Structure formats: C-alpha cells, structure tokens
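The shown structure was predicted, so the numbers you read here are calculated from the model rather than taken from an experiment. Position 1 is the first residue of the sequence; numbering continues from there. Computed over heavy atoms, backbone and side chain alike; hydrogens, waters and symmetry mates excluded.
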Amino acid sequence: MTALLVSLVALWGFAAWVTLREGVNLVGATTVDSGAVQPSERLLAELQRERRLTLVALGTSGRLPDKMLRDQRARTDATAVELVESATSASVQFAADAPLQRRIDEALKSAEGIRTARKTIDDGRFDRGEAADSYNEVIDSLYRMFESVASLDDKEIARDARTILAVSRSSEYLARADALVAGALAKGGFTPAEHTEFVQLSGFYRISLEQNAAQLPAADAAAYTAWAKSRAVNQLRVLEQRLAQQSDTGVAPVVTSAEWRSATEPARAGLEKLISDGGDRLVDSSVPGAVGVVVRLVLAGGLGLIAVVASIILSITTTRSLLAQLRKLRDAAHDLSDDRLPSVVERIGRGEDVDLAKEAPSLDFGDDEIGQVGQAFNTVQRTAIGVAAEQAELRRSIRDILLSLARRTQGLVHRQLTVLDVMERRETDPEELKELFRLDHLAIRMRRNAENLIVLSGSAPARTWRRSVPMVDVVRGALAEVEDYTRVTLMPMGDVVLIGRAVGDVIHLLAELIENAVSFSPPYTSVQVSGQLVANGYVIEIEDRGLGMKPEDLASANDRIAEPPEFRITGTARLGLYVVSQLARRHDIQVVLKASPYGGTTVVVLLPQELVQLDPTPESQDGDNPERLPRRQTAVATATRPAAAENVRTLKSARPQRATAPSPTGPAPAPEPVPETPSESEQEPVAEFTPSGLPLRVPQANLVPALRDDTPTQPDFEEDDDERSPEEIRAMMGSLQSGTRLGRSQAAKMLDEQPGGEA
C-alpha cells in the first residue's frame, strides 16, 4: 500500500513539475534578466564608449590616458563591480542552469582581463586594431551569456528574445564601426586595412538590422521603422557612403569628426533605446505567461493533489481497518496456539473430557478474504486438536503398555527370585552356588529396570516400606542393585533413618546414580559414597574418578534433572536422568552434578529434612531395629567393605555349631563384620558355619509362623512389629550366604598368599 501511494505521489509530482517548469523558467529568466542581463547591458554600453575613446586617444597620439578616458574607465569599473555582485547573488545562482552559469563565469573572467589590456594600451604596445580586439573579446563573452539567457521553454518568448539579441548584436557592429571611424578621423585618415574593415562592418550591421527587424514584434517593428527613417540615421547612411567611396587612403577624409559624431551618437542612442524598450516589453510579457502557468498548475496540479490526498486518506483508512482485523486474527491465533490449545491437549492427555466447541471456538471474521483466512485457520485448529487428542491418547496408551509390561516383568522377576532362593538353599556346591548368586543379582537389577518402566509410565513402584530404615541400609540396598558393587566404597553414613514412604524411591534413585558413576569410570577406579547431616537435610555424595563431563554437559544434565521435560519415545538418550528427575521430584529431593576436584563427577543428593530423622537404635543393635532392609541387599553391600582380615579371623574362630531355630516372632539376627581391634565388650556373635564353610540352614525358616513346628496350633494373628515375612527372611538368608561366601573366598586368598597359612 505504501509503495502504491508513493508511486501515485511521484506521478503527481512529475505531472506538476512538467506543468510548472515553463513558469519556473519564465520566472527564472526574469531573475536572470534583472540580476545578470541588465547589469551586463550597462557594462556593454560603458565598454563600447571606452573602446571609442581609447581608439580616439590612440589616433591623436597624445598621452594616455587623458582625463576623459580615465573618467570613462572609472565608470566602466564601477559597472563591472555591480555586475559581479549581482551575477554572483544567490537568486541568480539558483535560477541559472549549468550552461548559463558557465557563460556568466566566462563573462566575468573576461571582464577582469580588461585591466591588463588597458595597461598594455597605455604602454603603447597595442595599435588601434589590437586595442579594439581586446574590447571586442569582452563584449563577445557578454553576448554569449545573452544567448544562454534567451533559451526558454516558451517558443514565442524565446523567438522574440533571440530577435532582440540579434538586433543588439547588429548595434554592436555599428558601435565597432563608429569606434574605427572615430580613431581614423583622429589620426587624420584610414589605413587600407581600416578602410576595408569599415566597409565590411557598415555593410554587415545594415544587412543584419534589416533581416532581424523583420522578426521583431509589432511594437518593436514600428519603433525600428521610425528609427530607420529618422534624420540621424539618414545622415549616418550618407556619411558612411562617402567614407566607403573614398578609395584614396593617403588623403584627408571627406568627413570630419564633428559631422561623424553628430550623426552616429543620435543614431546609436535611438537604436539602444529601441533594444532596451524591446527587452523590457519582452520581460513584461513573460510575467503574464508565468502567471498563466501557475494558474494552470493550480487547476491541474491542485485537482491532482486533492485526488492524491483523498487516495492517501482512503488508503490509510482501509489499511487500518484491514490491520485491525488482521490483529484480531493474529491475537486469536496466538491465544489458541499459546494458551487454549496446550491446555486442551494437556487435559486430553490426563484423560479428561473436553468440550472442543467451548474450549477452542471457531474464529468468525466475515466472508471477505480475511474471513476466509479465519475459516482456513479453523480447519487447521480442528485438525491440530484432533491430532493432539490422538497423540495424547497414543502417549497414554504407551504409558499403559509400559506399566503393564513392567508389572508383568515385576511379577516374573519376583517369582524368579523366589525360585533362585529355593535353589540357593538346596545347593551345596560352591561353584554352582556362585552362579546362582550371579543370577540372583541379575534378577535384582532386572527388577530395577522394570521399576524404570513404571516410573516412565508415570506411576509409582510397588515396593514400599511402612517404617523408617537406617540410611546405611538404604545405601546398601542401592548397592545391591548395581553390577560392579565391589568397586563402591561406602563411608560412614551416621545414625540417621529414612522414613518408610521414601525408601523405595531413594534406593532406586541412588542405584541409578551409583551405576552411572561405576559405568562411566575406569574399571581400576573406585566410587565413593558418603553421607552426612546438614542444615537443610541429609546429603549423600557419590564421587567417581572417571573422565568427567564438560561444563555444558553438566549444565544440561542439571537442567534436565531440575526441570524434566515431557517423556517422549524419541528421547531415549538419557532415560536414567529422566528416571532420577521423576523420583527426585516426587519427594522434593535435589540432585546436582558437579565436577570432582579429583577428576570425574560428583553427584550431590540432598534429602529434605522431612524425609530423615535420627536413628533411636544404633546400627549394631540389629535385632531391635523396627524394620530392616532384606538381607539380600544389605549383605552384598556389607561384603564390599575392605575387611579381608576380619573375615579371616571370623573363619578361624568359627566352630561348627548348629544354629538355634528362630523364634516365632522373627529370624535370628544377621552376622556383622568383626572390627579390626574389637574389645571384649564390643565382640559381636559370630555366625556358625558347616564344615564346608557355608552358614548353617535354619529348618522351616521360610515358613510362616503358623506352619512352624514350635508355633501353637491356634496362633495369635495379632500384628507384631518385629515379625518378618517369609520372603524377607529368605532375602536376608540369601544375602547372608552371598556375603559370607565372598568373605570366605577373600580370606582363602590371603591365607594362600601367607607361608604355612590354613585354608
């Protein structure tokens, strides 16, 4: 629209300029006439007089310059100064075009050269002919300037101007002839060259006057006729004939100076007046023409300007109306795409029933082109909402599939762990038992992977604890779900317990982080896990000695944990981080990754205060603890302690005894590693082993209390806080077996390395 308006204004401006140019030229010609032509005409007249006096002075052979010539030169210089000031004014500079300005500059420069010519004449180095030529050059430059002024767009005015200029040029030739004759008469006679030049000049100016007079306007032609019939002109014609017929150049002229002056001065004055009056009439006639041009401009250009203004107003009004509708359409589109559509998609994703006609109404902007765009956008809107609903349903279906697969896998893994536990209890071969333990550990890791699927589906895992669990057991439980748990060094964790509702998720979260640390660090390095109470809760630090991460990768990982994106099937690059972020968000746990000063990466896990509390029962009083993790998990972590010497002393001091059966209210306490320098009061009970080195089996340990031999026929099924389920007992015994066997194998290696050692 702006381009069209600019084009319309440009077209109107061009048409207005074409109409105005003629008037501008006429006004410019008037300005140039008053500022340059009229002063030049006065200078031309003064130069003609000075030329005549100079030639007369040269003919008398008197001292140059005489008083009359000096006075004339002063008048000429004053007129020249006036011309310079007027021709170089701002108005003339603005009105004159480039060719005219160049001719004005040439005329002014030529007029300055007259001073040099005067000096040469006064020194006697110029004769009459050379002196006349120096003045003729200046006068010719003025006439060239006049010719540039006469070029106007108005053909009639331009023709009249050229005619007046030609008459003025003929007058100049008359002035040249007058100066030539005056100089010759002062000298006393013509030279042959001067006589020839006189004849040529007199004949030329008469012929040119007659030709140009025929082109003059009526008023000027009448004035010329009156001038040509005047007494002075007739007398001048008679004197010219006499001088032209006198062929002898050595005799005195037949015309005296007084006779010649009395004829030429009135004739020249009349001709100059004719030229001046004609020029004035020409200038006066150009003013009405300029006014007419301006009137035509007002009528034509003004109406065009009104049309342009009306077009601009109409265009602006129409444009504003269109822009208002487009803004409404844009705002409605943004509101739909930024607010309503995401809200609808989110609600559809949660399974809510959404009224699409109410939540995403159709846009109505009429039946014009913009309205058609709105209708097209309605179609896009309906398609987008339909696709969004399908995608939300697809994601919900995928989550349901993941949850179903995870639940099924959990059931199978649970049954697999039960079968493995039974097989471990029946097996006595150490090698076979070793392989069973490996399968047992892989099954535990499979259970964690199944729980990952549950987390990805947006549900909570089924493993929960009712009571608080010591933090050391929580970390041990996480280590039991890591493949290379032997590379993990567990530091003191303090007498702190974790409330039951967060135990399963914290174990899962720590297992993911520890496994990540073990996987991305060299196999010869260890991973250190430590914990301590802080002002804001409990901090667990997991530090590896791997290659570490780049700062931008650390920042990206922390952002993903702090603000986890929506889970998508395509985003499988870092599922572990997604699982960690979901588990941390569930309990307001802060997880931060940072560079370790030893190389590698340190993970800081901050548990909030509401999840931890001081442990009222020390870790050594295992049998009195309200609720412990299954020994399948704790024993594996316990075996990772660097306590080979402790296991050696334990194996040497152990005497084969049969363990007493557990009481109906709970299993026997699990063995703990012997401290390096224990005191007699700190000695803990040592587990009993079979001759082959395996822990003693407790008959009926996997049975519920109601089925045991020492349980009353009518058991009291009242809930007992110290009672454990058969699965927990089986898990503890399996963990005990695994830890004991690992300690025994390490002790055996140390004994083999010592001279005379006992196996």
Next item on the list: Any chance you could lay out the side chain to side chain contact (heavy atoms under 4.5 Å, CB included) test for Thr60 and Asp66, step after step, and finish with the verdict?
Entry: CA-CA 11 Å; Thr60 58; Asp66 56 8; over 6 Å; no

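- Counting heavy atoms from C-beta outward, Leu209 and Leu271 have side chains that approach closer than 4.5 Å.
- Heavy atoms from other residues, nucleotides or ligands lying under 6.0 Å from CZ of Arg237 number more than 12.
- Contact detail for Arg42 and Thr79: the closest heavy-atom pair is C-CG2, 3.6 Å.
- Counting only heavy atoms from C-beta outward, the side chains of Leu236 and Leu174 approach each other to under 4.5 Å.
- Rounding to the nearest 0.5 Å gives a distance of 12.5 Å between CZ of Arg128 and CD1 of Ile121.
- A salt bridge links Asp277 with Lys273; the closest basic N to acidic carboxylate O contact falls under 4.0 Å.
- The shortest side-chain heavy-atom distance between Leu243 and Trp260 falls under the 4.5 Å cut-off.
- The side-chain heavy atoms of Asp77 and Arg118, taken from C-beta on, include a pair separated by under 4.5 Å.
- Scanning both residues, Ala87 and Val92, for their nearest heavy atoms gives O-CG1, 3.5 Å.
- Glu172 CD to Asp178 CG: the interatomic distance, rounded to the nearest 0.5 Å, is 11.0 Å.
- If you check the side chains of Arg75 and Gln72, you find a donor sitting under 3.5 Å from an acceptor.
- Of the possible donor and acceptor atoms, none in the side chain of Ser556 sits under 3.5 Å from a partner among the backbone N and O of Asp553.
- Panel note: side chain Ser168, backbone Ile164; no donor-acceptor pair is recorded below 3.5 Å.
- Between the side chains of Asn234 and Arg231, no donor-acceptor pair of N or O atoms lies under 3.5 Å.
- Using cut-offs of 30° and 60° on the angle between ring planes, the pair Tyr143 and Phe146 is perpendicular.
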Check: Could you walk me through whether Lys119 and Asp123 pass the salt bridge (Lys or Arg N to Asp or Glu O under 4.0 Å) check?
Finding: CA-CA 6 Å; Lys119 190 175 187 310; Asp123 293 340; 3.7 Å; yes

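- For Ser276, the side chain to side chain contact (heavy atoms under 4.5 Å, CB included) partners two or more places apart in sequence, or in a different chain, are Asp280.
- In this structure, NE2 in His334 is found 10.0 Å from CG in Leu329, a value given to the nearest 0.5 Å.
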Margin query: What verdict does the side chain to side chain contact (heavy atoms under 4.5 Å, CB included) test give for Gln235 and Ser262, after you've listed the backbone C-alpha separation in whole Å, the side-chain angles of each residue and the deciding distance to 0.1 Å?
Written below: CA-CA 9 Å; Gln235 184 181 359; Ser262 63; 3.8 Å; yes

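- No side-chain heavy atom of Leu53 sits less than 4.5 Å from a side-chain heavy atom of Arg73.
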Note to self: Could you walk me through whether Arg49 and Glu46 satisfy the salt bridge (Lys or Arg N to Asp or Glu O under 4.0 Å) test, starting with their C-alpha distance in whole Å, then the side-chain angles of each, then the deciding distance to 0.1 Å, before giving a yes or no?
What the structure shows: CA-CA 5 Å; Arg49 294 187 186 95; Glu46 297 298 335; 3.3 Å; yes

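- Under a 3.5 Å cut-off, the side chain of Ser202 and the backbone N or O of Phe198 do form a donor-acceptor pair.
- Heavy-atom minimum distance, Leu83 versus Ser40: CD1-OG, 3.2 Å.
- Thr163 contributes atom OG1, which lies 12.0 Å from atom CD of Gln211 (distance to the nearest 0.5 angstrom).
- Side-chain contact between Val138 and Arg51 is absent, with no heavy-atom pair separated by less than 4.5 Å.
- With hydrogens and angles ignored, the 3.5 Å screen pairs a side-chain donor or acceptor of Thr379 with a backbone N or O of Gln375.
- Of the possible polar contacts, none joining the Ser89 side chain to the Glu85 backbone as a donor-acceptor pair under 3.5 Å is found.
- Rounding to the nearest 0.5 angstrom, the gap separating the CG atom in Leu201 from the CG atom in Leu180 is 6.5 Å.
- The shortest distance between side-chain heavy atoms of Tyr135 and Thr76 does not fall below 4.5 Å.
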Next item on the list: Output, in order, the C-alpha distance, side-chain angles, deciding distance and verdict of salt bridge (Lys or Arg N to Asp or Glu O under 4.0 Å) for Asp71 and Lys67.
Entry: CA-CA 6 Å; Asp71 294 341; Lys67 183 180 184 305; 3.0 Å; yes

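- Nearest heavy-atom pair across Ala263 and Leu239 is CB-CD1, 3.6 Å.
- Of the possible polar contacts, one joining the Thr54 side chain to the Glu50 backbone as a donor-acceptor pair under 3.5 Å is found.
- In this structure the side chain of Arg176 never reaches within 4.5 angstrom of the side chain of Phe204, judged on heavy atoms.
- Formation of a donor-acceptor pair under 3.5 Å by the Ser321 side chain with backbone atoms of Thr318 is not found in this model.
- Salt-bridge check for Glu194 with Lys187: failed, with every basic side-chain N at 4.0 Å or more from each acidic carboxylate O.
- When all heavy atoms are compared, the tightest approach of Ser170 to Asn212 is OG-ND2, 3.7 Å.
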Next item on the list: Would you please test Thr88 and Leu108 for side chain to side chain contact (heavy atoms under 4.5 Å, CB included) and show each step?
Entry: CA-CA 10 Å; Thr88 56; Leu108 296 179; 4.1 Å; yes

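- Listed here is the closest heavy atom pair of Ala36 and Ser86: N-OG, 4.3 Å.
- Between Arg268 and Glu272 there is a salt bridge, since a side-chain N of the basic residue sits under 4.0 Å from a carboxylate O of the acidic one.
- Within the model, atoms CE of Met145 and CG of Asp105 stand 10.5 Å from one another, a figure rounded to the nearest 0.5 Å.
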